[in-house]
*Asks:* 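One structure follows; several queries about it will come next.
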Amino acid sequence: MRLSRYFLPVLKEDPSEAQIVSHKLMLRAGMIRQQSAGIYVWLPLGLKVLRNIERIVREEQNRAGAIELLMPTIQSADLWRESGRYDAYGPEMLRFRDRHDREILYGPTNEEMITAVFRDNAKSYRDLPKIFYHIQWKFRDEVRPRFGVMRGREFLMKDAYSFDLDPAGAKRSYDAMFVAYLRTFARLGMVAVPVRAPTGPIGGNLSHEFHILADTGESELFYDAAVEEITLNELAGATPGSEIVERLQSIYAMESEEHEKVADCPVPADKLRRRRGIEVGHIFYFGPKYSAAMGCTVQGPDGTPVHPEMGSYGIGVSRLVGGIIEASHDENGIIWPEEVAPYKVGLINMRVDDARCAAAADDLYEKLAHAGVEVLYDDRDERGGAKFATMDLIGIPTQVIVGPKGLEKGVVEVKDRKTGAREELTIEAALNRLTA
Ligand code: P5A
């Protein structure tokens, strides 16, 4: 993408409406604009990041055997009356009426709807087990929407729902999602701490919250340092029901209020970590709570009807954009982990008025694009300093700088956004490096 043709409204100053660094940086980097309290427009650069996160979430859901569908944002009040949650949910639910005076709502979550879909379309135990998911906008009329996309009113969630014949099967589904979550956050470049959690209004008896570590996180966590050693390699062997999963689920990690109630912490002091965290995922096993309330049965192997055992599994996709920035930035701006970066390479032409520079930069741009590398090419007529500042601000992992002095020597400069390390490479060597 040529920056001269793109839409990247960056801001030089910190916007006064933002209190935390990710919100400031998302506004300054031209990723989002607020439309009304807790409701945002995703500008082109922000949308690219959101889509990248969605892609990784989707790949890991599919890998775990979950099946994608898409449920609507608008739901009927009657559906929620079936579970008893219409009255229980309170003012966070946005309720309205259609032209026929029927009560409807903007969905804050989809347990009721998926239970109805399964009830109306599945007949026997042979339809089990199943895990469904969708990635869909939600609305919760939060009392205090704040911190930009971190606590929005309209936000994007991946929510999955599992149906099993018995508790042992349900635990396997829970394990599959548990591992998928650790894999997802690791691929996003984050350490995610699985915290044993109280279940709240979703109900049930087994639940984990997933927190990514950042000093500005809303919760304070105490956890065993072993969490930080969980790698994609180890997760490869973590099949549902395996010892690895049991070990990972029982690693000590608690919010401070819970930790303080523990008389004998099993973790030795030198292994106990205290950090702040941002909740980016939450999973629940709640058994037949909704299937029983809503008359969802399948015929069991012996002919008797059974209410499927269910669980639900959420990831805050839009919250993750802010969460990743909280965990990965410096004084100059965002530092995107490779997999979520909106562009992999930021190409800077220092002198658009110099024919040699323009030709060399154009040529590099064409070749990188041809090799399938996503490049943001700053071909604007601007000062070099402003171009560096923009690239640093928007956090593209690798910058390539084409200038007249370098070209004299036949080289360009390649800069790593994260470490700041700079290297002079011939154009050919730079191409090889960036397309490797
Ligand atoms: C699990 C999936 C649920 O809603 N039902 C379906 C269950 N869980 S949850 O914990 O309430 O939400 C799941 C994740 O969504 C993100 N989230 C939000 N993100 C931005 N703004 C909000 N107001 C907001 N509320 C929830 C969180 O990441 C949460 O873990």
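Atoms within each ligand, like the ligands themselves, are counted from 1 in listed order.
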*Asks:* Report the residue from Val149, Leu45, Leu47 that forms a side-chain contact (heavy atoms from CB on, under 4.5 Å) with Ile32.
*Replies:* Val149

*Asks:* Given that the side chain starts at C-beta and the backbone is N, CA, C, O, which of these parts of Thr109 lies under 4.0 Å from ligand 1, counting heavy atoms, or is it both or neither?
*Replies:*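 The side chain, only.
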
*Asks:* Closer than 4.0 angstrom: is that true for some heavy atom of Gly281 and an atom of ligand 1?
*Replies:* yes

*Asks:* Examine the proximity of ligand 1 to Met157 and report which part, side chain or backbone, both or neither, has a heavy atom under 4.0 Å away.
*Replies:*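 It is the side chain that gets close, since no backbone atom is under 4.0 Å.
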
*Asks:* Taking Tyr181 for its side chain and Gly314 for its backbone only, find out whether a donor-acceptor pair lies under 3.5 Å.
*Replies:*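 It does hold such a pair.
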
*Asks:* When you check the gap from the basic side-chain N to the acidic O, do Lys171 and Glu246 get nearer than 4.0 Å?
*Replies:*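 Answer for the salt bridge query: yes.
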
*Asks:* Within the 4.0 Å heavy-atom shell around Asp159, which atoms of ligand 1 are there?
*Replies:*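 So the answer, numbered in order with elements, is 2 (C), 6 (C).
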
*Asks:* Considering Glu209, Lys138, Glu111, which one's heavy-atom position lies nearest to atom 7 (C) of ligand 1?
*Replies:* Glu111

*Asks:* Any ion pair linking Asp330 and Arg417 (charged N to carboxylate O, less than 4.0 Å)?
*Replies:* yes

*Asks:* Please list, in number order, the atoms of ligand 1 under 4.0 Å from a heavy atom of Gly314.
*Replies:* 1 (C), 2 (C)

*Asks:* Taking the minimum heavy-atom distance to atom 23 (N) of ligand 1, which of Arg319, Arg151, Glu142, Arg140 ranks first?
*Replies:*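 Shortest heavy-atom distance from atom 23 (N) of ligand 1: Glu142.
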
*Asks:* Is the distance between the ring centroids of Tyr161 and Phe286 less than 6.0 Å?
*Replies:*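 Not under 6.0 Å, so no.
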
*Asks:* Honestly, is Lys48 close enough over Tyr343, meaning NZ or CZ under 6.0 Å from the six-membered ring centre and within 45° of the axis?
*Replies:* yes

*Asks:* Within the side chain of Asp378, is there an N or O that forms a donor-acceptor pair under 3.5 Å with the backbone of Arg380?
*Replies:* yes

*Asks:* Is there a polar contact, in the sense of an N or O pair closer than 3.5 Å, between Gly152 and ligand 1?
*Replies:*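 Indeed, backbone or side chain, Gly152 has an N or O that close.
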
*Asks:* State the atoms of ligand 1, each with its element, that fall below the 4.0 Å cut-off from a heavy-atom position in Val280.
*Replies:* 28 (O), 30 (O)

*Asks:* Pick one: which of Arg153, Glu154, Arg95, Arg140 meets side-chain contact (heavy atoms from CB on, under 4.5 Å) with Tyr106?
*Replies:* Glu154

*Asks:* What do you reckon, does Tyr161 put a non-hydrogen atom under 4.0 Å from ligand 1?
*Replies:*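 Yes, Tyr161 has heavy atoms under 4.0 Å from ligand 1.
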
*Asks:* In a check of salt bridge (charged side-chain N to carboxylate O under 4.0 Å, His left out) between Glu339 and each of Arg183, Lys344, Arg55, Arg51, which one passes?
*Replies:* Arg55

*Asks:* Indicate yes or no: does an N/O atom of Arg153 lie under 3.5 Å from an N/O atom of ligand 1?
*Replies:*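 Not met; the criterion fails.
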
*Asks:* Which of the numbered atoms in ligand 1 are under 4.0 angstrom from any heavy atom belonging to Val149?
*Replies:*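 The atoms of ligand 1 under 4.0 Å from a heavy atom of Val149 are 20 (C).
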
*Asks:* Suppose I only count heavy atoms of Tyr313 and a 4.0 Å limit; which atoms of ligand 1 are within that range?
*Replies:* 1 (C), 2 (C)

